[in-house]
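Here the structure is a predicted model, which means the values were calculated and not measured. Below, read A as the first sequence line, B as the second, and so on, with proteins coming before strands; counting in each chain starts at 1. Because only heavy atoms are used, hydrogens play no part in the values below, and waters and symmetry mates are left out as well, while side chains stay in.
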There are 2 protein chains.
Amino acid sequence: MNAEREQLKQARGEFVAQWGALGTQWGINRTMAQIHALLMTSPGPMTTDEVMEELEISRGNAHTNLKELVSWGLVRMVVRKGERRDYFEAEKEVWTIFTIVARERKRRELDPALLVLSHCADASEEMTSVEGKAFHDQVRQLQDFVAFASKMSDRIATMKHGLAVQLATKLLG
Amino acid sequence: MNAEREQLKQARGEFVAQWGALGTQWGINRTMAQIHALLMTSPGPMTTDEVMEELEISRGNAHTNLKELVSWGLVRMVVRKGERRDYFEAEKEVWTIFTIVARERKRRELDPALLVLSHCADASEEMTSVEGKAFHDQVRQLQDFVAFASKMSDRIATMKHGLAVQLATKLLG
DNA sequence: ATCTGGTTTCAATATTTACTGAAAATACAA
DNA sequence: TTGTATTTTCAGTAAATATTGAAACCAGAT
């Protein structure tokens with residue numbers, strides 16, 4: 001039964017490659033997504049060199065993206081006693097992954113939008129012309145919606161897994 | 001009261017520029033986001049030439065991105081009787097904008113991920129080794145979650161505005 | 001049929017973003 | 001201290017993406 005070994009390697013390679021391609025759609029760079037996929041499906045923590053070798057990328061690239069993943073909280077550095085070099089392991093719990101990604105996306109997509117909208121809404125607050133009022137109104141509507149989406153996002157991402165499932169079941173049922 | 005005119009132009013310019021910058025965060029190209037912002041805050045439909053002039057971009061660029069916005073459904077082409085050239089106007093209703101964007105994001109981010117995950121889950125279905133089973137299990141969990149997110153997204157994006165607000169109020173309250 | 005105002009396409013170019021590889025820094029061990 | 005294994009940084013380069021501008025195209029008016 002060594003055919004399975006080969007099959008697994010195949011499937012995992014496929015997964016890593018495809019996940020990398022997906023990453024670009026998600027606004028995440030390909031390498032970062034690939035490393036994430038690799039670590040999520042790794043039986044144990046990996047070193048920088050293992051990642052480099054597996055993905056055939058440079059040390060600099062591996063390093064930068066591992067650090068980025070750590071800063072997101074999707075990957076942890078672990079030390080092995082007696083070992084000098086760093087090992088990396090990914091968070092595998094999907095709900096946890098989701099909450100991390102949701103938080104990050106909110107931070108990158110919603111928060112700055114809200115800032116812009118608030119500023120523009122304030123700047124047009126007092127306008128009296130038809131055009132001025134229409135502008136203010138439109139921006140205001142956008143602002144309200146984004147603020148709302150922001151709150152929702154917070155609420156959901158801070159839920160415990162079980163509670164979220166419960167809510168979802170009600171919604172989908 | 002012509003100071004307000006100036007102020008409005010200022011505020012709108014600001015909004016367009018910033019919205020464009022935001023677009024890049026959202027994985028939308030800058031010009032497309034700028035045109036969208038411009039049209040959302042325009043008192044009436046605009047021609048390609050007006051867009052070109054306002055944003056100081058080439059005809060080709062304006063054309064491509066207007067078409068892209070139309071294909072998303074965020075912008076409509078309108079014909080004015082007796083007028084030969086095309087006019088463009090944006091959808092202004094925020095909930096409608098949201099549902100369009102949600103649908104598109106699902107199509108670009110969730111659907112392809114689901115495809116990859118299903119494929120990898122299937123390919124590892126029968127594996128018997130510890131590593132094989134672990135891989136299958138991990139991919140499976142991701143698959144289940146993405147499928148779930150996909151369904152949720154559909155549900156919400158097809159809701160009528162009022163219903164969504166009602167649900168949200170319950171959730172936030 | 002051809003002119004005119006407008007749209008569409010696309011090869012060339014510019015801009016942005018990602019990646020490499022090697023040098024510099026760090027950290028531990030002898 | 002000096003040496004060695006490892007991490008970190010970053011200038012240069014490569015790859016991907018967006019933009020231009022001009023030519024080809026199209027449709028209605030003359």
- prompt: Which part of the nucleic acid, if any, lies within reach of B:R85 when heavy atoms closer than 4.0 Å are counted: base, sugar-phosphate only, or nothing?
  reply: sugar-phosphate
query: Taking the nucleotide of DNA chain D with the closest heavy atom to each, which residue, A:F88 or A:T24, is nearer the 5' end?
result: A:F88
- prompt: Whole Å only: how far is the CE atom of A:M77 from the P atom of C:dA27?
  reply: 12 Å
query: Less than 3.5 Å between a donor and an acceptor, one on the side chain of A:R84 and one on the base of C:dA27, is that the case here?
result: yes
message: Under a 3.5 Å threshold, yes or no: a donor from one side chain and an acceptor from the other, between A:R30 and A:T24?
response: no
query: Using the ring of each side chain (for Trp, its six-membered ring), is B:W95 parallel, tilted or perpendicular to B:H161, with breaks at 30° and 60°?
result: parallel
task: Quickly work out the B:I57 CD1 to D:dT19 P distance and round it to whole Å.
output: 8 Å
- prompt: Can you find a side-chain donor-acceptor pair between A:S129 and B:E4 that sits under 3.5 Å?
  reply: yes
message: What is the distance, to the nearest angstrom, from the CD atom on A:E56 to the P atom on C:dC19?
response: 14 Å
task: Rounded off to whole Å, could you give me the NZ-to-P distance for the B:K67 and C:dT9 pair?
output: 8 Å
- prompt: Rounding to a whole Å, what distance do you find between B:M52:CE and D:dT20:P?
  reply: 9 Å
- request: Would you indicate what B:T31 reaches in the nucleic acid, counting non-hydrogen atoms under 4.0 angstrom: base, sugar-phosphate, or nothing?
  value: sugar-phosphate
query: Is B:N29 touching bases, backbone alone, or none of the nucleic acid, heavy atoms closer than 4.0 Å?
result: sugar-phosphate
statement: Per nearest nucleotide of DNA chain C, the residue lying toward the 5' end, A:N61 or B:R30, is B:R30
task: Send over the distance from B:E68 CD to C:dT8 C1', rounded to a whole Å.
output: 15 Å
field: Separation of atom CD in B:E83 from atom C1' in D:dA29, rounded to whole Å
entry: 16 Å
Check: A:F145 and A:L117 side chains under 4.5 Å, non-hydrogen atoms: no
Phosphate OP1/OP2 of C:dT8 contacted by B:H63 side-chain N/O (<4.0 Å): yes
- line: In whole angstroms, the gap separating P of C:dT17 from CD1 of A:I28 amounts to 16 Å
message: With clusters defined by side-chain heavy atoms of hydrophobic residues (ILVMFWY) lying less than 4.5 Å apart, directly or transitively, does B:V70 cluster with B:L38?
response: yes
- line: Testing D:dT8, C:dG21, C:dT7 for proximity to the side chain of A:S58, the answer is C:dG21
